[in-house]
Amino acid sequence: MAASSLTGLARALVQQGRLRPDRAETLARKAVQGNVPFIDELVGASDTTGLSAAQIARFAADTFGHPLLDISAFDADQMPRDIIDRKLVGTLRVLALRKRGNRLAVAVSDPTNFQALDQVKFQTQLVLDVVVVEHDKLLRLIESSSQSVAQSLEKLVDDEVNFDDLLSDAPDTTQEEASTAEVDDAPVVRFLQKVLLDAITDGASDLHFEPYEKFYRIRMRVDGILREIAQPPLAIKERLVTRIKVISKLDISEKRVPQDGRMKLALTGQRAIDFRVSTLPTLYGEKVVMRILDPSQAKLGIDALGYEPEQKQLLVDAIQRPYGMVLVTGPTGSGKTVSLYTCLNLLNQPGVNISTAEDPAEIQLAGINQVNVNEKAGLTFANSMRAFLRQDPDVIMVGEIRDLETADIAVKAAQTGHMVMSTLHTNDAPSTLTRLSNMGVAAFNIASSVILITAQRLARRLCTCKQPTEISKEALLGAGFDAADLDGSWVPYKPVGCERCKGSGYKGRTGIYEVMPISEEIQRLILKSASSVEIAAQAKREGVKNLRQSGLLKVKQGITSVDEVLGCTND
């Protein structure tokens, strides 16, 4: 970590000569590795830096213009306990001191931790007045005033709180009545805010609220794996579902049929998260699944997706052609939508007319004309495509090619001067051509329209706690490595587990891709109605890496493990 990369309190201390640059870099690096705030490492190293907690607090207050307060004078019993949930208080080192109207006084030892303050602002929906306190005293007060959310909810049930006064789900209740100030103050609402914030912080893709006969559980999917995060009291399940319905603009009186809705939460002035909400009646109540949609994922750039340099160049060259069809394939949850929207974002220029038909539109991007298909109203993928062709399009994206009618229109659009992008649910790139043929698309139409197919999977990234491991030569060869790969220039890594990755050994995901351009030889095979095996053999001769080979390359780069690649490419 270079001195120029230091930020916040560390940078200020270095600039004013209170801390040596090399010492600041070391402490900042330790904080990142331990997934703790910089102030923790700084105060913990006071014997070597010569800076006490009191000196740091005085410096931070003077430098950043916040009041300095002796927090030991505060009575913990008089502080508001339920405004900021325990997890945020403990991990972000932010403590609520006093609430007046829409303003909340919060104590921090590092006022430059803007991410923490933004999260508290989102969770409380209040204006924050920041005061600086000594770090050691803050930690002691946090410890003495902490109370778990689960205990709070159990207390609500034990005290027989009248939930009907908080949020009524009677058939004649209107959406406006359900959004009263009493609802906003309800502990159930604050609990839901905590769950949503935790899911966003942990990078979850989905949240599941599941009722059973004897218990109620909440699970989140992180890096493709579902894990349980809470078992709130069974008595609040109806209130949680009703609250979710209210903010998703669903009918709170209808519990017999599935419903679909959408909501948006603003984290900061620059970042908002969309949630796609689906309810389903089950034996013991309504199950709710919330898909978390982060529009910023589509703006990370193609380099962040995990394409190898030659694969990226093939894809960029294909989408920048004036006409043709680019297909992205893979199972549900393999990142196809993010890949397509990353491509659309590259093409999203003032001189380009882009239209999309989706079911539904998951990521909203300014400058792109997005249409939600509605089968009941007759707005199908095929009808949307016909309408697009009358709207002077340059680029058309179809969420999925499901039938021959949609496929035919997409092929004709690609042949008549339009760039068409879409997805298919197939295992690899060669079998996509066979799938189109089986749907009834003529071979000459496939050969003349499709210019590139990319198949993809998402593999979990190894956390920074990874360690080298020994794997036998026979096992590596069996996994798909060539003898030439085992030259000793690299070592495989294994997952270990730490606080940052919550013991899983993995943090985040990367894409594994098979990018197959349609060459003249592959076109000839298509016209001969060749099998997917023959097409795959030709692609291999042309240097196309299949999914397994691309995954093993990520193993050599130390990005993921052999077991993870075998698991996600075992078709």
If you measure from the Lys or Arg side-chain nitrogens to the Asp or Glu carboxylate oxygens, is any gap between Arg386 and Glu405 under 4.0 Å?
yes

With rounding to the nearest 0.5 Å, note down the distance linking CZ in Phe381 to CD in Glu358.
8.0 Å

Heavy-atom pair with the smallest gap, counting every atom of Val420 and Ala414:
CG2-N, 3.8 Å

Main-chain N/O of Lys376 paired to Asn374 side chain as donor or acceptor, under 3.5 Å:
yes

Other residues, nucleotides and ligands only: do more than 12 of their heavy atoms fall within 6.0 Å of CZ on Arg524?
yes

Is a donor on one side and an acceptor on the other found under 3.5 Å between the side chain of Gln456 and the backbone of Gly330?
no

In this structure, are over 12 heavy atoms from other groups packed under 6.0 Å from Glu375 atom CD?
yes

Step by step, work out the side chain to side chain contact (heavy atoms under 4.5 Å, CB included) result for His208 and Leu226.
CA-CA 9 Å; His208 296 239; Leu226 269 176; 3.7 Å; yes

Should Thr569 and Arg548 be marked as a side chain to side chain donor-acceptor pair (under 3.5 Å) after you check the CA-CA gap, both sets of side-chain angles, and the distance that decides it?
CA-CA 6 Å; Thr569 61; Arg548 174 63 61 82; 2.7 Å; yes

I'd like to know whether Asp487 forms a side chain to side chain donor-acceptor pair (under 3.5 Å) with Ser489, so could you lay out the CA-CA distance, the side-chain angles of the two residues, the decisive distance to 0.1 Å, and finally the verdict.
CA-CA 6 Å; Asp487 56 5; Ser489 62; 2.7 Å; yes

Basic-acidic side-chain contact under 4.0 Å: Asp202, Lys507
no

Can you tell whether the side chains of Arg276 and Asp206 come within less than 4.0 Å, N to carboxylate O?
no

Supply the atom-to-atom distance Leu389 CG to Ile396 CD1, rounded to the nearest 0.5 angstrom.
4.5 Å

OG on Ser205 to CZ on Arg221, rounded to 0.5 Å
6.0 Å

May I ask you to decide whether Glu210 forms a salt bridge with Lys287, counting only side-chain N to carboxylate O separations under 4.0 Å?
yes

For the pair Thr279 (side chain) and Gln259 (backbone), establish whether a donor and an acceptor sit closer than 3.5 Å, ignoring hydrogens and angles.
yes

Salt bridge or not between Glu254 and Arg256? Use side-chain N to carboxylate O under 4.0 Å.
yes

Taking the side chain from Asp394 and the backbone from Asn353, do they hold a donor-acceptor pair closer than 3.5 Å?
yes

Note, Leu344 side chain near Asn348 side chain (heavy atom, < 4.5 Å):
no

Separation between OG1 (Thr337) and CE (Met397), nearest 0.5 Å, reads 6.5 Å

Shortest non-hydrogen separation from Ala361 to Asn372 and the atoms involved
N-OD1, 2.6 Å

Taking C-beta and beyond as the side chain, do Glu514 and Lys545 meet within less than 4.5 Å on heavy atoms?
no

When you measure from the side chain of Ser550 to the backbone of Tyr513, do you find a donor-acceptor pair of N or O atoms at a distance under 3.5 Å?
yes

Hey, is the main chain of Ala413 close enough, under 3.5 Å, to the side chain of His418 for a donor-acceptor pair?
yes

Is the backbone of Gly508 close enough, under 3.5 Å, to the side chain of Asp223 for a donor and an acceptor to pair up by distance?
yes

Could you walk me through whether Glu521 and Arg541 pass the salt bridge (Lys or Arg N to Asp or Glu O under 4.0 Å) check?
CA-CA 11 Å; Glu521 187 57 39; Arg541 286 192 290 270; over 6 Å; no

Is any side-chain heavy atom of Met263 closer than 4.5 Å to a side-chain heavy atom of Met290?
yes

How about Thr454 and Leu327: do any of their side-chain heavy atoms sit closer than 4.5 Å?
no

Is the backbone of Asp485 close enough, under 3.5 Å, to the side chain of Trp490 for a donor and an acceptor to pair up by distance?
yes

Can you spot which of Ile247, Leu293, Val277, Leu250 makes a side chain to side chain contact (heavy atoms under 4.5 Å, CB included) with Arg262?
Leu293

Beyond-backbone contact of Tyr493 with Thr560, side-chain heavy atoms, under 4.5 angstrom
no

Specify the closest pair of heavy atoms between Glu542 and Ser519, including all atoms of both residues, with the distance to one decimal.
OE2-OG, 2.6 Å

With the side chain counted from C-beta on, respond yes when Leu365 and Asn345 share a heavy-atom pair under 4.5 Å apart, and no when they do not.
yes

Run the salt-bridge test on Asp408 and Lys412 with the 4.0 Å N-O cut-off and return the result as yes or no.
no

Would a 4.5 Å heavy-atom cut-off, applied to side chains only, mark Pro495 and Ser504 as touching?
no

Is Arg219 paired with Glu228 through a side-chain N to carboxylate O contact shorter than 4.0 Å?
no

Apply salt bridge (Lys or Arg N to Asp or Glu O under 4.0 Å) to Glu308 and Lys554, showing your working.
CA-CA 9 Å; Glu308 298 301 326; Lys554 293 286 194 294; 2.9 Å; yes

Output, in order, the C-alpha distance, side-chain angles, deciding distance and verdict of salt bridge (Lys or Arg N to Asp or Glu O under 4.0 Å) for Asp428 and Arg457.
CA-CA 10 Å; Asp428 55 27; Arg457 300 288 188 276; over 6 Å; no

With a sphere of 6.0 Å drawn around OH of Tyr212, does it hold more than 12 non-hydrogen atoms of other residues, nucleotides or ligands?
yes

Count the heavy atoms belonging to other residues, nucleotides or ligands that lie under 6.0 Å from NZ of Lys556, then report whether that count exceeds 12.
yes

Looking only at heavy atoms, which two atoms of Ser384 and Val373 are closest? And how far apart?
OG-CG1, 4.0 Å

Would you please test Thr406 and Glu400 for side chain to side chain donor-acceptor pair (under 3.5 Å) and show each step?
CA-CA 9 Å; Thr406 305; Glu400 183 183 352; over 6 Å; no

